[in-house]
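Down below is the structure, laid out as structure tokens.
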Amino acid sequence: MTSSTTFFDLAEICEKLEKTSKRLELASILAEFLKTVNEDEIRPTVLLIIGKIFTPSDPRSLEIGVKTLIKTILKISGITKEEYSKEIGKFGDIGDATASIMSKGIKLNQKTLFEVPRTIKYIFSQLLTIVQSTGPGSRKKKEKILENLFLRSTPIEAKYLVRIILQNQRIGVYEGILEEAISKAFHINLNLIKRANMILGDIGEVARVALTEGVNGLREKAKSPILFTPLKPTLAVNADNIFEVLEQHNYHTAFELKLDGARVQIHKRGDEVRIFSRNLANITQSLPDIVEQVRESVMAKTVILDGEVIGMGPDDKPLPFQYLMKRFRRVHRIQEMIKEIPVKLYLFDILLLDDKNLIDLSYYERREILKDVAGNISLVESLTTDEVDKAEEFLNYSINSGHEGLIAKKMDSKYFLGTRGKNWIKIKRIDNLDLVIVAADWGYGRRKDWLSDYYLAAYDPDQNDFSMVGKTYKGLTDEEFETVTKRLKENIIEDRGKTVIVKPEIVVEVAFDEIQKSSNYPSGYALRFARIINIRSDKSPNEADSVSKVRTMFEKQFEKKSRLVN
DNA sequence: GTTCAGACCGTAC
DNA sequence: GTCTGACGTATTCGG
DNA sequence: CCGAATACGTCAGACGTACGGTCTGAAC
């Protein structure tokens, strides 16, 4: 049991996992492996497996991305950038490409390689050192550590090191499978594991507690939300129409406005307020105005609140999401920006009140409690109805008020979803345009043999040219990728490696949520959440929608939304 | 020594 | 953020 | 009535837009 596992063992397990696709098998393999890991290494091991080194307890990140990684590998291997890119294209994976280069390119010093005990803990601590180094010269320092790490890696270790650093393991295992594996390894009910993961927000810590303290320890920790430890927020699934939603919820649904902002989870004890983002990052310092408001309005001793922060114009109409982003996560010139871009908090849920756990109450009960706690902070407008027409009307009201749509919440649902599935359902309105594919990127991973990411352009009749308004890789089936790739390959004008310029010929119907101002695209506009919903074989490129139509649609958005000068 | 542009990165959606 | 496909399980269908 | 077909929920992995922050290195 105490036999220590090495990074090599972990890499081998990853290799094994990557080769299997069956979910149950994945969980079994992982469970067996977890049983061999000791108390000291269980948390690092679990976090390394999913390439998610950084959690609420280690809030900062590596700040090492593809570019830096490529740079270091080039340095230690001596190959050219072109050769590396070619290799990446061949494998459709940067990890495999790196392993290939390492196995033929680098003369490893076998002695140093095996002298160094490359335990999981060691690798983890090296990565943490990278995380913790900041300030002038930190870049260089990080690269040096990386270099050393790779110089002491076998090819297979290098492969998974690369993927861990990029937080993209692609071995078929993420938190869901991991939860199953932990459940199997330590014989603990899966729902308890899921609940603990939601409350602790750290799957590595869940595994550690499961191993060291067993069911009872886990149960104790998962009992109730912990103040100042952010918990994973419930998320909503999509639906097309209101009828479908009502059916799903047995006609016991509260519809809430879906605001286009950022999710916040607010923890408060006395005067101490902390605000967390959807991904559990602490963003308190960016929102001092919200902190102040919560301090003044919420009288409860301890409380955890769930809500949305949106940009709000002086005319009381919501601001486009882009404006909010200027405020969120900001650390400089905050006071200035508070005046420039006003932000407003709306609450819609409460998870803890005066140390009492509320997540196991029904939505309805929580909402009633929230009303009393919120003081003069606005609650998200809501409507409880079982009639399609009334809900439809409310949806129109939401859209006309400049919001995204509705979110339907099952009246009797707990905050914790367990195995039940999603009890929150969102309904949005989408727009669409007919656009032309003018270029494409080769795909990655399972899409490596397809041109799978398309540059979309609107028609400009004045210039008889096409002006780009965004990219998309979403909406096509495998079969459609196959045929579109074939067609595009015949139309290649210029081959730039990863990107290919094609003759503008294929017209696609593209759905999107919003048109944004863009400095990235020549047209000056970009589509938010673009996805292809149809291949318009019946349309020729000059029948595609025009740039001026895009502009008109962009301007039209401000009939409902607010806009700030410059 | 200071300033500034650009590359790179993480993270809201 | 959206979307597709794979897997597992629950439910319905057809002989 | 039971095995086969289908429906449904969940998970993972494809990658998009935008923004600000930090570090580096060149120009002054």
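Only heavy atoms go into these numbers, but all of them, side chains included; no hydrogens, no water, no symmetry mates. Each chain gets a letter, A, B and so on, in the order the sequences are listed, and its residues count up from 1.
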State which of [options] makes the closest approach to the side chain of [X].
X: A:T68; options: D:dG21, B:dC9, D:dC19; result: B:dC9
X: A:S61; options: B:dG10, C:dC3, D:dT17; result: B:dG10
X: A:R531; options: D:dG20, B:dG10, C:dT2; result: C:dT2
X: A:R170; options: B:dG10, B:dC13, D:dA14; result: D:dA14
X: A:L24; options: D:dA18, D:dG20, C:dT9; result: C:dT9
X: A:R278; options: C:dG1, D:dC19, C:dG8; result: C:dG1
X: A:V331; options: D:dA18, C:dC7, D:dT22; result: D:dT22
X: A:Y521; options: D:dT17, D:dC19, D:dT24; result: D:dT17
X: A:H332; options: B:dC13, D:dT22, C:dC7; result: D:dT22

Can you list, pair by pair, the side-chain donor-acceptor contacts under 3.5 Å of residues 20-28 of chain A, counting residues two or more places apart and other chains?
from	atom 1	to	atom 2	distance (Å)
A:S28	OG	A:L24	O	2.9
A:S28	OG	A:K184	NZ	3.1

Q. Would you call the rings of A:F554 and A:Y525 parallel, tilted or perpendicular, where under 30° means parallel and over 60° means perpendicular?
A.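 Rings of A:F554 and A:Y525: tilted, as their planes differ by 30° to 60°.
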Q: Send over the distance from A:N238 CG to C:dG1 C1', rounded to a whole Å.
A: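 Rounded to whole Å, this separation is 10 Å.
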Q. Base, sugar-phosphate alone, or nothing: which one does A:R528 contact when heavy atoms must sit under 4.0 Å apart?
A.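 The answer is sugar-phosphate, as A:R528 gets under 4.0 Å only of primed atoms, P, OP1 or OP2.
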Q. With sugar-phosphate meaning primed atoms plus P, OP1 and OP2, does A:F529 contact a base, only sugar-phosphate, or nothing at under 4.0 Å between heavy atoms?
A.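 Here A:F529 touches the bases of the nucleic acid.
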Q) Quantified in whole Å, what is the P atom distance between nucleotide C:dC3 and nucleotide B:dC8? A)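 32 Å, rounded to whole Å.
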Q: Step by step, work out the side chain to side chain contact (heavy atoms under 4.5 Å, CB included) result for A:F512 and A:I430.
A: CA-CA 6 Å; A:F512 59 92; A:I430 53 163; over 6 Å; no
**Q.** A:W424 six-ring face occupied by A:K409 cation (under 6.0 Å, within 45°)
**A.**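 Pair A:K409/A:W424 counts as cation-pi.
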